[in-house]
Amino acid sequence: MSGWSEFPPEIIHMISLRIDNPFDLIHFRSVCSWWRSCSFQTFRPIPSLRCPLPPDAGGCGDDCHILRSRVYLVTSLSHDPPPFWLFKLQEEENGALALQSLLNRRTSSQQGVPYPSLLIDFLNSQVIELVQEHVACYTYWCDLFDGPGSYKCEQPIGFMRLDGENKEFMALGRLSFQGLRMYRSFEDRWTEIETTSGPFPDGITWFDGQFYVIDTAEDKLLLVEMCTRNLEEYRGPHLLAEKGWLEVSELNEERNDWIQMDDVGGRVLFLDDHFSLSCLPNQVPGFKPNSIIFKGVLGYYGHQVFEFGEQGFILLGDIVIL
């Protein structure tokens, strides 16, 4: 075979069917006219994966399914300095794509306002997938004030694919269970997991083939803690904003211990309830190196920023993006 353009059409088509990212499919079809003619023409929606809850889950339906969202960084290559956009796409239960707000899980229809539209020239742009988040969605049945009723629940889970076709997978979550359970698709059942740290974790993720209850950044496993000098400062929103700080520790797997870090390696961290991601400062101009952007706490409904070397937190809206 003398070149990529002479790949057999059946192999090209088979590869295109396995691409589960719409932007990767665009780039794949842009290699040459031969690849474009032999590949799948449009992104094929993939229905959400199912993980029915066990009968003893109590008050829950058997409609439990997993929704995946991805955060993308788009950088224009035709401007200097290059502008950038961060946005999140969720794959709905039927496989359709919906634009979500970056640091929460609400779509434009749920917000009740249209999100701004954007025309992107992909031939002159770089698209990078930064992170994925997974949540389990299910119906919870209960007795309400006016009689029996139900409502939809969403819970963050740890998710791990076991094959290239995304058919076999594992999920770890608390959901409606009294404690952690793991779902294995090849067993089609949830198994109770015994833990020593308590049955109600704040968050779950996976790293290097294992599940953790920690945030991840790059190829390191990080623990981010909010600190104050006393309980009074922690409980007072204004004192916390003025006096608080964040400490970051890295997991040392050989020693099975957390090692406190002086900074986050010059990167910018975004922390949310359902996912975390990191970027280089030149990818997100306006943020200083070693900054952490996180959801506001204790009286602050926006997002706040912590900069290493500074004391206290500032509001995200007070930062001027150049």
Side-chain angles (χ1 to χ4, degrees), residues 68-73 84-90 100-106 128-135 154-159 172-174 197 200-208 211-228 234 237 240-241 243-251 258-281 283-319 321:
R68 174 175 61 178
S69 298
R70 311 185 204 215
V71 177
Y72 296 95
L73 170 66
F84 71 93
W85 300 272
L86 284 169
F87 65 93
K88 181 165 63 172
L89 289 180
Q90 175 180 276
Q100 284 187 321
S101 178
L102 180 61
L103 293 179
N104 63 52
R105 293 191 45 77
R106 300 183 69 84
I128 301 175
E129 180 182 316
L130 296 178
V131 70
Q132 294 186 14
E133 67 172 2
H134 297 84
V135 297
E154 286 190 358
Q155 290 290 341
I157 59 171
F159 179 86
L172 179 68
R174 182 170 65 88
S197 58
F200 306 111
D202 293 326
I204 302 171
T205 188
W206 69 273
F207 174 78
D208 196 22
F211 286 114
Y212 291 90
V213 190
I214 306 293
D215 292 313
T216 58
E218 199 181 19
D219 58 347
K220 302 176 182 178
L221 197 63
L222 303 182
L223 172 66
V224 182
E225 299 175 285
M226 182 174 293
C227 305
T228 57
Y234 182 79
L240 177 62
K243 305 292 186 179
W245 72 92
L246 299 182
E247 291 186 355
V248 181
S249 302
E250 178 185 350
L251 176 65
W258 295 99
I259 309 300
Q260 186 171 341
M261 303 170 61
D262 295 328
D263 52 40
V264 289
R267 301 183 72 89
V268 179
L269 301 187
F270 292 82
L271 306 183
D272 187 56
D273 291 340
H274 298 295
F275 76 94
S276 303
L277 61 89
S278 68
C279 299
L280 294 172
Q283 293 177 310
V284 285
F287 293 106
K288 295 181 180 179
N290 299 308
S291 296
I292 301 178
I293 296 87
F294 60 98
K295 195 173 182 179
V297 295
L298 297 179
Y300 288 91
Y301 295 99
H303 292 83
Q304 295 174 279
V305 181
F306 172 73
E307 299 173 347
F308 276 82
E310 303 291 337
Q311 187 176 41
F313 312 130
I314 58 178
L315 294 176
L316 179 60
D318 292 340
I319 295 182
I321 306 297

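Start at 1 with the first residue, then count along the sequence.
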Next item on the list: For Asp262 and Phe308, run side chain to side chain contact (heavy atoms under 4.5 Å, CB included): C-alpha distance rounded to whole Å, both residues' side-chain angles, the deciding distance at 0.1 Å, then the answer.
Entry: CA-CA 8 Å; Asp262 295 328; Phe308 276 82; over 6 Å; no
Notebook entry, point to check: Should Phe270 and Leu86 be marked as a side chain to side chain contact (heavy atoms under 4.5 Å, CB included) after you check the CA-CA gap, both sets of side-chain angles, and the distance that decides it?
Noted result: CA-CA 11 Å; Phe270 292 82; Leu86 284 169; 4.0 Å; yes
Check: Taking it one step at a time, do Val248 and Gln260 satisfy side chain to side chain contact (heavy atoms under 4.5 Å, CB included)?
Finding: CA-CA 6 Å; Val248 181; Gln260 186 171 341; over 6 Å; no
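Between Val71 and Glu129 the shortest side-chain heavy-atom distance does not fall below 4.5 Å. Using a 4.5 Å heavy-atom threshold, the side chains of Val224 and Phe294 count as separate. Within the 4.5 Å cutoff, the side chain of Val305 has no heavy atoms near those of the Lys288 side chain.
Evaluated for a side chain to side chain donor-acceptor pair (under 3.5 Å) with Ser69, the options Lys88, Gln100, His134 yield exactly one hit, Gln100. Here the options are Ile293, Asn290, Leu246, Leu222, the test is side-chain contact (heavy atoms from CB on, under 4.5 Å), and the partner is Leu269; only Leu222 passes.
Separating the CD atom in Glu250 from the CE atom in Met261 is a distance of 5.5 Å, to the nearest 0.5 Å. For the atom pair CZ (Phe87) and CG (Leu130), the distance works out to 10.0 Å, reported to the nearest 0.5 Å. The structure places CD of Glu247 at 10.0 Å from CG of Leu223, a figure rounded to the nearest 0.5 Å. Note that CZ of Phe313 and CE of Met226 are 4.5 Å apart. Values are rounded to the nearest 0.5 Å.
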